[in-house]
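A short worksheet on the structure shown next.
Whatever order the structure lists them in is the order used to number ligands and atoms, beginning at 1.
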Amino acid sequence: MIPRYSPTYRWSDLFASLKFSSNDSTDQLAEALACLYGVRHVFLFDRARVALFALLRAYGRPGGVVVPAYNCIAIPECVVAAGYRVEFADIGENSFNMTSDTLEGCLSPNTTVVLLTHQFGIPCDVHEMIKLCRSRGVLVVEDAAAALGAKLHGHLVGTFSDATILSFHRTKVISGGLGGALLTNDGDLASAVSELMEQASSPRTRWEAFAVEAAWKIAMGERTYRAVHLGYRLLREEQMFEVVKSTSEASGKFTRPCSQFSKALVLGQLDNLKSNIQHRCQLAALYTTKLEGQPYLKLPTVPIDSSPSWIQFPLVVDNRKEFFSYMGRRGIDLNWTFRYCCPDSFQLDGFPNARKAARHVVGLPTYPSLPESRASQVCFAAGSYRPNGCISRPSSSTVQSSS
Ligand SMILES: *Cc1c(COP(=O)(O)O)cnc(C)c1O
């Protein structure tokens with residue numbers, strides 16, 4: 001079975017990191033990221049959400065934080081845990097991201113921070129939105145958790161705002177197991193974050209981190225994956241590791257620094273970032289070419305002059321469950337992210353586009369270890385998909401044009 005994702009590290013990376021992380025030397029990963037992004041300050045945490053938590057605490061201007069409604073629930077939860085109020089903005093009609101229109105409608109006099117998310121690694125329209133924020137004096141933060149290496153107008157996404165968060169979770173562009181970074185050029189913010197980090201809890205030990213990633217490496221292997229997948233289905237937890245269940249993460253977890261093991265694991269793969277992204281883009285181009293014109297699947301739109309990092313290739317499909325089962329029977333597993341609309345957890349109505357995305361989006365796999373031949377198989381299966389009860393007529397317009 002083709003897994004929905006596969007960690008980007010190889011066995012050799014895991015063993016090398018185990019060895020390397022035994023000598024707690026200087027922070028080479030932080031230096032490498034500072035160099036890559038051209039920023040002065042880099043802080044490494046256990047997760048991207050922890051980086052955001054630290055940033056909000058360090059900023060210390062409690063008020064409203066605007067976040068997109070189509071999002072990982074961990075983000076609004078972390079905003080609340082940091083003592084701020086969440087202000088949701090809908091995503092665009094043909095986008096998985098917030099737009100300047102949806103942002104403008106929800107900026108309030110209480111807004112102190114705006115989070116610009118590059119969902120799935122597809123860049124959002126930062127420039128228009130930053131203009132809106134600048135005139136109001138709010139802090140602009142990019143959520144580039146999924147967008148390591150993504151570019152807009154030739155510049156790395158994450159270089160446009162006051163601060164940026166990145167993730168090295170095993171499902172992201174570079175898998176470090178767990179891991180997140182906070183980047184900023186703001187000296188005041190940086191010293192406040194440094195202060196907070198003095199009270200941080202202790203990171204995961206290298207053996208703990210190694211054992212967990214070795215287990216994932218085995219679970220996500222093509223041979224073992226079918227059994228793992230079946231097990232989850234029998235337990236009725238088919239959505240697997242993509243639904244965040246907790247509604248109140250222990251605050252200890254929100255102050256955890258990155259483990260030495262994860263730092264070494266990410267650092268070892270940073271040299272391959274270019275080929276990693278290149279491969280993801282090749283697969284996305286293949287999906288686009290082969291599935292264009294498939295009347296039952298809507299392909300993602302990408303901003304002009306941008307190069308996404310494609311942690312998955314999101315599709316909009318009417319009957320997502322049926323499509324998921326159909327692909328599953330053909331040995332292809334799909335991503336479900338995210339099956340909920342965050343405002344629901346806050347008893348808020350509205351946000352029609354986020355709601356629609358939560359019901360209809362699935363993701364095709366794009367990881368570097370997926371060969372093009374396997375991606376072609378994915379295209380063939382997806383291209384032949386017809387909803388149940390639909391014999392041959394895709395849509396009335398096609399019927400007309402062929403008659
Ligand atoms: C994965 C992800 C996060 C959370 O990252 P963690 O490292 O798991 O905290 C936040 N935002 C976006 C857009 C993500 O894709």
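The cationic group of Arg329 does not satisfy the cation-pi geometry with Tyr326, failing either the under 6.0 Å distance to the six-membered ring centre or the 45° limit from the ring axis.
In this model, a donor atom of one side chain and an acceptor atom of the other lie less than 3.5 Å apart for Ser262 and Ser259. For the 3.5 Å distance criterion, the side chains of His229 and Asp333 qualify, holding a donor opposite an acceptor. Looking at His169 and Thr171, their side chains do bring a donor and an acceptor atom within 3.5 Å of each other. There is a side-chain donor-acceptor pair under 3.5 Å between Thr111 and Ser108. No side-chain N or O of Gln312 forms a donor-acceptor pair with one of Tyr5 less than 3.5 Å apart.
More than 12 heavy-atom neighbours from other residues, nucleotides or ligands sit within 6.0 angstrom of NZ on Lys298.
At a heavy-atom distance under 4.0 Å, no atom of His118 approaches ligand 1. Under 4.0 Å from ligand 1, the heavy atoms of Ile75 that appear belong solely to its side chain. Counting heavy atoms closer than 4.0 Å to ligand 1, residue Ala48 contributes atoms from both its backbone and its side chain. Residue Thr117 touches ligand 1 through its side chain alone, judged by heavy-atom distances below 4.0 Å.
Proximity to Ser167 (heavy-atom distance under 4.0 Å) selects the following atoms of ligand 1: 5 (O), 6 (P), 7 (O). For ligand 1, the atoms lying closer than 4.0 Å to a non-hydrogen atom of Gln119 are 13 (C). Of all atoms in ligand 1, numbered sequentially from 1 with element shown, those under 4.0 Å from a heavy atom of Ala146 are 15 (O). Close approach of ligand 1 to Arg49 is summarised as follows: ligand atoms under 4.0 Å from at least one heavy atom of the residue are 6 (P), 8 (O), 9 (O).
Comparing Gln312, Lys172, Arg170, Arg47 by heavy-atom distance to atom 8 (O) of ligand 1, the nearest is Arg47. For the residues Gly121, Ala145, Ala181, the heavy atom positioned nearest atom 12 (C) of ligand 1 is part of Ala145.
Checked options Thr117, Leu116, Ile91; the residue passing with Cys124 is Leu116 (criterion: side chain to side chain contact (heavy atoms under 4.5 Å, CB included)).
The closest protein non-hydrogen atom to atom 11 (N) of ligand 1 is Asp143 OD2, 2.7 Å.
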